[in-house]
K.L.:
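Let me begin by handing over the structure; questions about it come next.
Basis for what follows: all heavy atoms, side chains included, without hydrogens, waters or symmetry-related copies. In listed order, ligands and their atoms are each counted from 1.
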Amino acid sequence: MKVLVIGSGAREHALCRSLSLDPAVTALHCAPGNAGIAEIAELHQVDILDGAAVSALATRLEADLVVVGPEAPLVAGVADVLREAGIPVFGPSKEAARIEGSKAFAKDVMAHADVPTARSYVCTNAEEADSALAAFGAPYVVKDDGLAAGKGVVVTDDIEAAKAHAARCERVVIEEYLDGPEVSLFAVTDGETVLPLQPAQDFKRAFDGDAGPNTGGMGAYSPLPWADPALVDEVVRTVLQPTVDEMRRRGTPFVGLLYAGLAITSRGVRVIEFNARFGDPETQVVLARLQTPLAGVLMAAATGHLADLEPLRWSDEAAVTVVVASHNYPGTPRTGDPITGLDEVAAQDAPHAYVLHAGTRREGDSVLSAGGRVLSVTATGKDLAEARDRAYTAVGRIHLDGSHHRTDIAAKAAAGA
Ligand code: AMP
Ligand code: GLY
């Protein structure tokens with residue numbers, strides 16, 4: 001099977017790594033990719049938001065399957081163009097990707113499917129926003145309706161900050177605050193059958209102790225030793241299957257990866273958000289534990305054959321990933337700095353720990369930072385404590401001037417707290 005992966009982050013590196021280990025994959029391509037992906041896939045330059053260009057590339061490469069990683073091309077309708085060209089694609093249509101592209105749309109789907117989520121108001125002016133904020137009280141949860149690269153949500157006790165964020169958004173969703181630990185649960189779906197992956201938890205805030213601004217994600221771990229073993233079945237029954245059924249009922253079936261961001265509240269599970277693609281950095285730890293070869297799973301979803309698939313096989317090991325971010329991330333990050341120590345990780349820590357590249361590029365013999373989140377250092381171990389030790393040992397070998405990372409990824413869970 002010839003596979004083309006679209007995207008350039010650590011998620012795409014993790015996808016490519018798993019695909020490269022799948023004996024069914026005879027050729028692996030990625031566009032545009034990064035310095036790390038270049039070591040395992042052939043890279044191609046393409047405007048990933050241009051469906052015709054992506055489709056032309058897939059045709060030229062004779063790709064049997066295209067996997068679209070990020071949300072922006074999905075929301076732009078790239079998967080539709082590929083499907084029209086008869087190319088199997090893992091990733092939802094433009095209409096189905098609205099479940100991530102518009103928070104108001106997602107709320108509407110959930111209301112129709114009876115999926116538990118935070119009570120909310122959609123507001124388009126300051127008056128509406130003010131009364132919604134007053135109705136719910138602090139802490140205030142204010143969400144830009146559209147895509148905002150993980151930075152469109154403000155959760156604050158400061159009413160002025162809440163109003164200021166609402167004023168910045170054209171359309172804003174204001175909702176009730178959900179208290180409780182967060183879980184990311186991914187499901188592969190062909191529009192009908194729902195195949196859940198293992199749950200993970202990510203760390204959205206920039207600094208230790210969940211301080212600082214929201215980011216795209218600073219680390220993740222899986223499994224969740226503190227979670228109820230019945231959680232996955234419950235979420236499939238109350239959230240994922242009803243949502244997939246509702247999308248099909250609307251004539252816009254969701255094919256690809258449905259990501260449920262959940263809060264485990266004292267009143268039960270509530271959806272915080274849906275995403276229309278694999279989450280980053282949770283993908284890095286979920287795929288580290290998946291033993292079933294990945295290409296066949298994604299192909300079965302793309303072609304409507306998920307019901308025929310054998311149950312997924314999972315490693316008993318735990319996985320932890322730690323994101324190394326550029327100076328000043330999630331503000332305007334500094335880029336172009338050399339990264340050293342990658343060879344030492346490969347020589348001393350593999351196969352238990354490895355580096356997945358996000359914002360990197362190669363210049364001659366050097367690898368340079370090229371984005372906010374630069375690397376995702378991933379490790380496995382017999383438990384979270386061992387996976388954590390291995391991940392941080394590897395992080396310690398890497399040098400990137402001015403970079404920062406959280407030191408507390410999976411710490412509480414590893415300590416059994
Ligand atoms: P989202 O982009 O919707 O995932 O929001 C980013 C982060 O904001 C989430 O991971 C939560 O930590 C937080 N958040 C979003 N909605 C709520 C809510 N209703 N209650 C509490 N925290 C929330
Ligand atoms: N881990 C958060 C996201 O991928 O949106």
K.L.:
Give the atom numbers and elements of ligand 1 that come within less than 4.0 Å of a heavy atom of Glu175.
P.N.:
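Per the distance check, 16 (N), 17 (C), 18 (C), 19 (N).
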K.L.:
Any side-chain donor paired with an acceptor under 3.5 Å for Lys204 and Thr215?
P.N.:
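On atom types as modelled, these side chains do not qualify, holding no pair under 3.5 Å.
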K.L.:
Return the minimal non-hydrogen interatomic distance between Leu43 and Ala38, and the atom names on each side.
P.N.:
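Closest approach of Leu43 to Ala38, heavy atoms only: CD1-CB, 3.7 Å.
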K.L.:
If you measure only the distance, is there a donor-acceptor pair under 3.5 Å linking the side chains of His112 and Arg250?
P.N.:
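Present: a donor and an acceptor within the cut-off.
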K.L.:
Taking distance alone, with N or O pairs closer than 3.5 Å, would you say Asp202 contacts ligand 2?
P.N.:
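Yes: some nitrogen or oxygen of Asp202 is under 3.5 Å from one in ligand 2.
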K.L.:
Using a distance-only test with no angle check, is there a side-chain donor-acceptor pair under 3.5 angstrom linking Thr380 and Arg390?
P.N.:
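Side-chain D/A pair, Thr380 to Arg390: absent.
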K.L.:
Glu182 heavy atoms, cut-off 4.0 Å: which ligand 1 atoms fall inside?
P.N.:
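Answer, ordered by atom number: 9 (C), 10 (O), 11 (C), 12 (O).
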K.L.:
Is the NZ or CZ atom of Arg248 both under 6.0 Å from the centre of the six-membered ring of Phe254 and within 45° of that ring's axis?
P.N.:
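So Arg248 doesn't make the cation-pi contact.
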K.L.:
Mind checking whether Gly279 has a heavy atom under 4.0 Å from ligand 2?
P.N.:
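Contact present.
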K.L.:
Verify the distance criterion only: is there a donor paired with an acceptor across the side chains of Tyr221 and Gln201 at less than 3.5 Å?
P.N.:
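Tyr221 vs Gln201: donor-acceptor pair found between side chains.
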K.L.:
Give the atom numbers and elements of ligand 2 that come within less than 4.0 Å of a heavy atom of Asn275.
P.N.:
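Those atoms are 5 (O).
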K.L.:
Give yes or no for whether the N/O distance cutoff of 3.5 Å, strictly under, is met between Leu178 and ligand 1.
P.N.:
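Min N/O separation from ligand 1 is below 3.5 Å for Leu178.
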K.L.:
Compare Glu273, Glu71, Arg277, Glu282 and give the one whose heavy atom is closest to atom 5 (O) of ligand 2.
P.N.:
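Selected option, by shortest heavy-atom distance: Arg277.
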K.L.:
Could you tell me whether the side chains of Asp179 and Thr265 share a donor-acceptor contact shorter than 3.5 Å?
P.N.:
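Not at all, the side chains of Asp179 and Thr265 share no donor-acceptor pair under 3.5 Å.
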K.L.:
For Ile272, take its heavy atoms, then give the atoms of ligand 1 lying under 4.0 Å from any of them.
P.N.:
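Listed by number with element, the hits are 3 (O), 15 (C), 16 (N).
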K.L.:
Under 4.0 Å from a heavy atom of Val155: which atoms of ligand 1 are those, numbered in the order shown and with their elements?
P.N.:
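Here the atoms of ligand 1 in question are 8 (O), 13 (C), 14 (N), 23 (C).
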K.L.:
Looking at ligand 1, is there an atom of it that comes within less than 4.0 Å of some heavy atom belonging to Lys103?
P.N.:
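Within the 4.0 Å threshold, so yes.
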K.L.:
Is Asp280 close to ligand 2, meaning an N/O of one under 3.5 Å from an N/O of the other?
P.N.:
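N/O-N/O distance below 3.5 Å exists for this pair.
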K.L.:
By number and element, which atoms of ligand 1 are closer than 4.0 Å to a non-hydrogen atom of Tyr177?
P.N.:
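Answer, ordered by atom number: 20 (N), 21 (C).
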K.L.:
Is there a polar contact between ligand 1 and Lys143, counting only N or O atoms under 3.5 Å apart?
P.N.:
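For ligand 1, there is an N or O atom that lies under 3.5 Å from one belonging to Lys143.
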K.L.:
Could you name the option among Val173, Asp144, Val141, Thr265 that has the heavy atom nearest to atom 17 (C) of ligand 1?
P.N.:
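Selected option, by shortest heavy-atom distance: Val141.
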K.L.:
Verify whether one side chain among Ser369 and Thr335 offers a donor that lies under 3.5 Å from an acceptor in the other.
P.N.:
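No, Thr335 and Ser369 have no side-chain donor paired with an acceptor closer than 3.5 Å.
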K.L.:
Is a donor from one side chain sitting under 3.5 angstrom from an acceptor on the other, for Glu282 and Ser184?
P.N.:
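Looking only at side-chain atoms, Ser184 and Glu282 do form a donor-acceptor pair, the distance falling under 3.5 Å.
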K.L.:
Can you sort out which atoms of ligand 1 are near Glu273, meaning under 4.0 Å from one of its heavy atoms?
P.N.:
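Near Glu273, meaning under 4.0 Å from one of its heavy atoms, ligand 1 has 1 (P), 2 (O), 3 (O), 4 (O).
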K.L.:
Determine, using ring centers only, whether His327 and His404 are less than 6.0 Å apart.
P.N.:
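When the ring centroids of His404 and His327 are compared, they turn out to be at least 6.0 Å apart.
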K.L.:
Can Tyr259 be said to touch ligand 2, with heavy atoms closer than 4.0 Å?
P.N.:
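Contact present.
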